[in-house]
2 protein chains.
Amino acid sequence: MLTQSLAFTTLTGNAMAPARAERHEPRSLQEHLAAAPLRKIEAKQNVFAEGDRSTHIYRVESGAISLHRIMPDGRRQILGFAYPGDVIGLGASELHRFHAQAVKPTQLRCLRRSLTDSVARVDPEFGQELFHALSLDLAAAHDLLLSTGQRSATERIATFLLAMSRRNQRHNRSATNIDLPMTRADIGDFLGITIETVSRTFTKLRQLGIIDLAQSTSVRILDIEELEQLAEGAQ
Amino acid sequence: MLTQSLAFTTLTGNAMAPARAERHEPRSLQEHLAAAPLRKIEAKQNVFAEGDRSTHIYRVESGAISLHRIMPDGRRQILGFAYPGDVIGLGASELHRFHAQAVKPTQLRCLRRSLTDSVARVDPEFGQELFHALSLDLAAAHDLLLSTGQRSATERIATFLLAMSRRNQRHNRSATNIDLPMTRADIGDFLGITIETVSRTFTKLRQLGIIDLAQSTSVRILDIEELEQLAEGAQ
DNA sequence: CGACGGGTTGAGCTACCTCAACCCTGGTGG
DNA sequence: CCACCAGGGTTGAGGTAGCTCAACCCGTCG
């Protein structure tokens with residue numbers, strides 16, 4: 001399920017896999033994570049809070065996490081959702097810059113920062129993997145900026161659904177049947193619109209025959225071309 | 001002017017500075033950049049475009065660069081501005097994900113990716129510096145998301161001016177006299193509002209006695225406490 | 001059973017957008 | 001030297017997408 005480019009180490013002369021296996025020492029980020037302890041989190045529980053010391057990085061094994069910042073008056077911006085396979089808690093800062101909270105019961109692998117730091121200090125390949133993961137986060141933030149800064153409510157929802165669809169595809173799951181683990185409030189705070197607008201927009205897409213809403217948490221895309229049109233501003 | 005943590009290399013045994021100087025081989029990111037060739041760019045000219053091969057990273061020496069994406073119908077989201085000292089073109093992707101365009105005549109130091117890649121492959125400290133720079137970009141994107149997703153026009157402008165003020169302070173320049181090299185259109189496309197709203201908001205802040213606008217490109221903050229109030233939603 | 005959290009729908013409001021006129025400045029050319 | 005023009009900025013008037021407030025529905029849980 002995980003596409004992992006096996007890191008061939010530059011530190012040991014042993015190029016062959018058997019030699020590495022004998023050492024019993026994890027190497028790549030994914031290998032480290034596979035061996036890391038598992039932590040279980042209830043819905044609404046925090047993995048970490050903004051301002052907390054950044055002690056670990058985490059990989060989501062099951063469930064879903066919302067990453068968000070909260071303004072003094074309670075307004076909330078969700079910066080992203082982390083799903084199984086995603087790594088969270090990256091960043092060079094000593095302190096976490098946002099909250100990470102489970103939107104449903106979630107399992108995480110936890111890797112101490114002291115470990116990742118020291119491994120990265122001697123294994124550039126490992127550092128590259130962290131860099132790559134952070135680079136994906138930045139790309140996601142830029143994508144979201146395009147939505148919150150420029151797109152209409154309908155375009156935002158359409159873009160959001162398509163992103164979920166593409167993520168499903170990358171994980172060899174259905175491109176048309178989309179599970180939404182988060183609430184309407186979460187979607188609204190992610191896209192910068194209110195829950196009412198989220199709800200109305202879903203209803204509108206349903207009435208147009210573009211999606212089907214069996215339950216509020218389960219969307220089926222009926223007309224993906226039309227959804228793509230809507231995402232890029234066709235009215 | 002530049003705070004640079006001197007990288008002590010793990011590859012050579014020589015820990016002392018004199019030994020390093022003798023080698024005449026640049027080490028830290030800042031050292032590499034100081035030795036890199038200079039490129040001069042006219043206003044409105046592109047440093048690179050979205051989709052271009054990512055061949056170099058750049059450090060702005062003078063001027064200002066806008067980083068932005070453009071939608072098929074022409075809408076534009078500026079993801080950030082790069083000012084002297086900032087490094088642009090980072091990211092693990094083979095291709096650039098956005099346009100980089102000078103907003104006024106600009107000078108850049110250019111470092112080949114093939115070089116940074118190979119250095120990072122053997123010098124983890126150098127990789128850390130790249131990671132740190134990317135991490136700052138992500139934090140900036142998250143800050144902007146809070147504005148475009150949650151704040152009113154007045155709050156966005158206030159936040160924007162305060163960010164400029166704080167940047168000035170970090171560079172030992174005036175906290176109250178702010179130069180705006182970019183146009184109203186740039187500010188609008190950055191904050192997700194129209195040029196008219198930008199203009200009206202500046203006028204409103206001027207009428208409230210919070211700022212002074214000698215010219216349209218030069219803001220003087222008269223009441224920074226009040227500006228901070230406005231930035232976090234007072235009124 | 002009642003309470004509560006989450007979702008939907010309606011009615012009215014408003015912050016911001018759109019469209020348009022106008023101003024100012026700097027550069028160009030007659 | 002001045003007239004003209006183009007690009008950037010400001011201001012006004014009116015329109016509208018999305019917000020606010022409120023009612024209501026439904027499923028779950030104690």
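Heavy atoms only: backbone and side chains are in, while hydrogens, waters and symmetry mates are out. Just so we're on the same page: letters track the sequence lines, and every chain starts at 1.
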Participant: Using whole Å, report how far CZ of A/R156 lies from C1' of D/dC19.
Facilitator: 13 Å
Participant: Aromatic rings B/F48 and B/H96: how do their planes relate, parallel, tilted or perpendicular, breaks at 30° and 60°?
Facilitator: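 Plane angle under 30°, so parallel.
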Participant: In this structure, how many angstroms lie between the P atom of D/dC25 and the CZ atom of A/R184, rounded?
Facilitator: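 It is 19 Å, rounded to the nearest whole Å.
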Participant: Calculate the interatomic distance between B/R151 atom CZ and C/dA15 atom P; express it in whole Å.
Facilitator: 18 Å
Participant: Search all heavy atoms of B/G63 against all heavy atoms of B/T106 and return the closest pair with its distance.
Facilitator: CA-OG1, 3.5 Å
Participant: To check you understand the geometry: which heavy-atom pair defines the closest contact between B/A92 and A/F131, and what is its length?
Facilitator: N-CE2, 3.8 Å
Participant: So which nucleotide from D/dG9, C/dG7, C/dC16 ends up closest to the side chain of B/S152?
Facilitator: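 It is C/dC16.
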Participant: Expressed in angstrom and rounded to an integer, what is the separation of B/L213 atom CG from D/dT11 atom P?
Facilitator: 10 Å
Participant: Name every residue in residues 187-198 of chain B that has at least one heavy atom under 4.0 Å from any atom of DNA chain C, in order of residue number, or write none if there are no such residues.
Facilitator: B/G192, B/I193, B/T194, B/E196, B/T197
Participant: C/dC16, D/dT11, C/dG7: which one has an atom nearest the side-chain heavy atoms of B/T203?
Facilitator: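 Closest nucleotide to the B/T203 side chain: D/dT11.
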Participant: Under 3.5 Å, is there a donor-acceptor pair between the B/T154 and B/S152 side chains?
Facilitator: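 The answer is no; no qualifying pair exists.
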Participant: Strictly by modelled atom types, are A/S54 and A/R113 linked by a side-chain donor-acceptor pair under 3.5 Å?
Facilitator: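 Side chains of A/S54 and A/R113: pair found under 3.5 Å.
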Participant: Just how far, in rounded Å, is P of D/dT28 from CD of A/Q215?
Facilitator: 10 Å
Participant: What is the separation between atom CD on A/Q207 and atom P on C/dT8, rounded to the nearest whole Å?
Facilitator: 12 Å
Participant: Among B/I187, B/I193, B/L161, find the residue that satisfies the side-chain contact (heavy atoms from CB on, under 4.5 Å) test when tested with B/R156.
Facilitator: B/I193
Participant: Side chain of A/R200, base of D/dT20: donor and acceptor closer than 3.5 Å?
Facilitator: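 Between D/dT20 and A/R200, which were checked side chain against base, a qualifying N/O pair under 3.5 Å is present.
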Participant: What is the distance, rounded to the nearest whole Å, between atom CG of B/L230 and atom P of C/dA15?
Facilitator: 14 Å
Participant: Roughly how many Å is it from CG in B/L205 to P in D/dT11, rounded to a whole number?
Facilitator: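 From B/L205 CG to D/dT11 P: 13 Å.
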Participant: Are any of B/K44's side-chain N or O atoms less than 4.0 Å away from OP1 or OP2 of D/dG8?
Facilitator: yes
Participant: A/D179 and A/P181: which non-hydrogen atoms are nearest, and at how many Å?
Facilitator: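 Nearest heavy atoms, A/D179 then A/P181: O-CD, 3.2 Å.
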